[in-house]
Amino acid sequence: MPLTLTSLVQHSALKLTVRAGEDRLETPVRWAHVSELADPVPYMEGGELLLTTAMTLDAEDGDAMRRYVRRLAGAGVVGVGFAVGVNYDAIPQALLDAAREEDLPLLEVPRRTPFLAISKAVSAALAADQYRAVTAGFEAQRELTRAALAEGPDAVLARLAAHVDGWAALYDASGAVIAAAPDWAARRAARYTPDVQRLRERAAPASAVVGGADGGTDDRVELQSLGSGRRVRGALAVGTAAPLGTAERYAVHSAVALLTLTTERSRSLQAAEQRLGAAVLRMMLAGQPDHARTVAGDLYGGLLDAPFRLLIAEAAGADAEPADEPPLGSLTDALEAAAARVGEAVLTVPEGDDRLVVVAADGGAVVSACEVYAEKDAEEAGSVIGLSAPTGPIAAAGAYKQAEQALSVARRRGRALVEHEELAAGSLLPLLADDAVRAFADGMLRALYEHDATGRGDLVASLRAWLSRHGQWDAAAADLGVHRHTLRYRMRRVEEILGRSLDDADVRMELWLALKATGERPAP
């Protein structure tokens with residue numbers, strides 16, 4: 001327990017008597033300081049017991065004493081020890097009245113009790129309290145270590161919450177709560193997700209103190225980042241009703257170290273899993289699904305037993321993310337965190353520094369997290385994502401091509417995410433919006449546009465009508481309001497100008513797509 005004025009009054013060797021401020025004796029004492037200055041406040045930090053003989057004070061002047069005591073109370077002095085039998089035989093009434101007005105504890109110190117004895121008693125009590133705090137901190141460290149080794153992070157949080165007489169929560173790299181103690185603290189901890197996300201933007205190690213949570217609570221919440229490198233791998237939150245003491249801080253620091261070790265060990269295991277996953281992916285792409293299942297074993301086997309999606313993500317450029325964070329690092333963290341929260345298997349394989357291949361369960365948490373990431377963070381991170389249709393191990397190579405195609409379309413359209421199913425279920429025509437396709441179409445039709453611009457005919461409109469009617473002369477001529485012989489003449493002119501035969505199906509296809517790509521506008 002911290003040293004208080006009550007402890008000093010009860011010290012039998014000091015013989016101190018309380019003369020004022022009896023109801024404030026439980027205030028902790030940080031130090032005992034002797035001063036005969038008329039204004040010792042500039043030399044105070046707060047929490048001191050001031051010892052004086054009033055050598056330079058006019059302790060019988062009421063106004064002077066009121067100013068003196070008011071200054072001391074305002075500076076955080078916890079009490080005054082007045083030595084009697086030195087300059088004054090008793091505590092002057094003016095000082096007594098002033099102390100009672102401010103409710104400042106005033107202790108009478110007998111002549112036979114030297115100030116040095118009080119200072120020694122304070123020093124010894126503070127040292128004993130510090131020793132108890134350190135001892136309790138080391139005991140908490142041992143208990144937390146045993147919990148980490150025997151039961152894991154959940155047990156560490158439970159022990160920590162008990163030690164600080166509050167609550168504790170563990171967050172993943174995305175800021176989502178993955179464990180909390182006691183159980184009721186999970187919802188309260190979720191309120192601080194935005195603060196954890198802001199902490200993630202700073203280089204590790206990082207910490208912050210927040211408070212004033214919604215719901216009428218007065219929690220003081222301390223956030224500590226987890227991770228041995230510059231990237232934040234997670235965070236620990238500790239909520240208490242008051243600032244942490246020495247023993248509690250030892251416990252928090254121990255928990256941070258243990259949870260960081262757990263996190264880094266998990267990253268090492270994850271790297272090994274990633275190498276195994278790369279081998280599984282190579283086997284599937286090589287058309288060896290049975291071998292892939294054998295190598296996957298229990299780790300990825302369940303993922304290959306149900307429909308999965310194949311995802312390919314690329315960083316848009318070297319400056320897409322901060323230099324101290326790998327390209328696509330935030331996407332990797334988001335997908336892995338989503339999988340961990342629901343116990344879902346996910347296979348992630350980096351291809352170089354700026355490309356990532358992911359195999360995830362169709363309709364699962366990872367695919368959902370990918371979609372959420374694309375909506376919120378992909379543009380800021382400068383990444384694009386292509387997603388295949390649901391597939392299985394035997395068709396993995398086709399799914400890879402689908403993801404590549406979707407990625408290519410996402411890149412051309414400036415979209416964060418494109419699913420292959422959009423391309424398969426939709427029209428081919430949106431793909432013609434590509435600048436290279438439009439340039440090809442303009443070049444192919446330029447001669448026809450130039451011919452029409454002279455007013456010698458309407459070859460472009462005639463070609464469009466004829467192709468739309470699949471070469472049916474009468475129907476196309478009727479659409480144009482001309483005789484079919486006129487239309488035949490125009491189509492011969494088209495062949496002459498372009499140097500291409502309309503009897504060739506490939507030529508007709510190219511011309512039709514060119515007309516769609518250019519729309520109704522004339523060629524430049």
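Numbers for residues simply follow the sequence, beginning at 1. As the structure is a prediction and not an experimental result, all values here were calculated from the model.
Heavy atoms only, all atoms of each residue included: Gly175 and Thr193 are closest at O-OG1, 2.9 Å. Of all the heavy atoms in Ala190 and Pro194, the pair that sits closest is O-CD, 4.4 Å. Minimum heavy-atom separation, Ala338 to Ala369: CB-CB, 3.5 Å. The two residues Ala396 and Thr391 have their closest heavy-atom pair at N-OG1, 4.4 Å. Across Pro390 and Pro307, no two heavy atoms sit closer than the pair CB-CB, 4.4 Å. A pairwise comparison of heavy atoms in Ala465 and Ala476 identifies O-CB, 3.8 Å as the closest pair.
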For Val349 and Val359: C-alpha separation, side-chain torsions, deciding distance, then whether side-chain contact (heavy atoms from CB on, under 4.5 Å) applies. CA-CA 9 Å; Val349 181; Val359 177; over 6 Å; no
Check the pair Cys370 / Leu311 against side-chain contact (heavy atoms from CB on, under 4.5 Å), numbers first and verdict last. CA-CA 9 Å; Cys370 177; Leu311 175 158; 3.1 Å; yes
Going through the distances and angles, do Leu487 and Leu480 end up as a side-chain contact (heavy atoms from CB on, under 4.5 Å)? CA-CA 9 Å; Leu487 180 60; Leu480 292 168; 3.7 Å; yes
Audit row: Ser408, Arg412, side chain to side chain donor-acceptor pair (under 3.5 Å) steps and yes/no: CA-CA 6 Å; Ser408 178; Arg412 289 200 305 272; 2.9 Å; yes
Carefully, step by step, assess Trp167 and Leu157 under the rule side-chain contact (heavy atoms from CB on, under 4.5 Å). CA-CA 8 Å; Trp167 58 268; Leu157 294 179; over 6 Å; no
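The salt bridge (Lys or Arg N to Asp or Glu O under 4.0 Å) analysis of residues 163-182, with sequence neighbours excluded, yields the pairs Asp172-Arg341. Within the structure, every pair that satisfies the salt bridge (Lys or Arg N to Asp or Glu O under 4.0 Å) test and touches residues 483-492, not counting sequence neighbours, is listed here: Asp474-Arg484. The salt bridge (Lys or Arg N to Asp or Glu O under 4.0 Å) analysis of residues 387-402, with sequence neighbours excluded, yields no pairs.
Residue Leu281 holds its CG atom at 11.5 Å from CG of Leu276, rounded to the nearest 0.5 Å. Rounded to the nearest 0.5 angstrom, Asp195 CG and Tyr171 OH are separated by 8.0 Å. Rounding to the nearest 0.5 Å places CG of Leu459 at 11.5 Å from CD of Glu495. Interatomic distance, Arg159 CZ to Ser254 OG, rounded to the nearest 0.5 Å: 14.0 Å. Note that the CG atom of Asp458 and the OG1 atom of Thr486 stand 12.5 Å from one another [nearest 0.5 Å]. Here CD of Gln288 is found 6.5 Å from CE of Met283. Values are rounded to the nearest 0.5 Å.
Side-chain atoms of Glu344 come within 3.5 Å of backbone N or O of Val366 as a donor-acceptor pair. Looking only at distances, no side-chain donor or acceptor of Glu351 sits under 3.5 Å from a matching main-chain atom of Leu356.
The side-chain heavy atoms of Val238 and Val221, taken from C-beta on, include no pair separated by under 4.5 Å. Side-chain contact check for Glu450 versus Thr454: every heavy-atom pair is 4.5 Å or farther apart. With a 4.5 Å cut-off on side-chain heavy atoms, Val358 and Val346 count as touching. Using a 4.5 Å heavy-atom cutoff, the side chains of Met284 and Tyr400 are not in contact. Counting heavy atoms from C-beta outward, Ile385 and Ile312 have side chains that stay 4.5 Å or more apart. Inter-residue side-chain proximity for Tyr192 and Val177 is flagged as unmet; no heavy-atom pair is nearer than 4.5 Å. By the 4.5 Å heavy-atom criterion applied to side chains, Leu467 and Leu463 are counted as neighbours. Contact annotation: the side chain of Tyr373 approaches that of Ser383 to within less than 4.5 Å [non-hydrogen atoms, C-beta and beyond].
Listed by chain and number, the residues in a side chain to side chain contact (heavy atoms under 4.5 Å, CB included) with Val256 are Gln224, Leu226, Leu236, Val252, Thr260 (sequence neighbours excluded). Under the side chain to side chain contact (heavy atoms under 4.5 Å, CB included) criterion, Arg249 pairs with Arg220, Glu222, Leu244, His253, sequence neighbours left out. Qualifying side chain to side chain contact (heavy atoms under 4.5 Å, CB included) partners for Ala475, counting only residues two or more places apart in sequence or in other chains: Arg469, Gln472. In this structure, the ring-ring contact (aromatic ring centres under 6.0 Å, His included) partners of His485, at least two apart in sequence or on a different chain, are His483. The side chain to side chain donor-acceptor pair (under 3.5 Å) search around Arg282 returns none, not counting sequence neighbours. Legend: residues meeting side chain to side chain donor-acceptor pair (under 3.5 Å) with Arg411, ordered by chain and number and at least two apart, are Glu314. Looking at residues two or more places apart in sequence or on another chain, you find a salt bridge (Lys or Arg N to Asp or Glu O under 4.0 Å) between Glu404 and Arg355. Considering only residues two or more places apart in sequence or on other chains, Trp466 meets the side chain to side chain donor-acceptor pair (under 3.5 Å) condition with none of them.
The number of heavy atoms from other shown groups lying within 6.0 Å of CD (Glu45) does not exceed 12. By the 6.0 Å contact criterion, CD1 on Ile497 is enclosed, its count of non-hydrogen atoms from other residues, nucleotides or ligands being greater than 12.
Checking Glu248 against His163 by side-chain atom types alone, no donor-acceptor pair falls below 3.5 Å.
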Which donor-acceptor pairs under 3.5 Å do the side chains of residues 500-508 make with protein atoms, sequence neighbours left out?
unit_1 : atom_1 : unit_2 : atom_2 : d
Arg500 : NH2    : Glu510 : OE1    : 3.0
Ser501 : OG     : Asp503 : N      : 3.2
Asp504 : OD1    : Asp506 : N      : 2.8
Arg508 : NH1    : Leu502 : O      : 2.8
Arg508 : NH1    : Asp503 : O      : 3.1

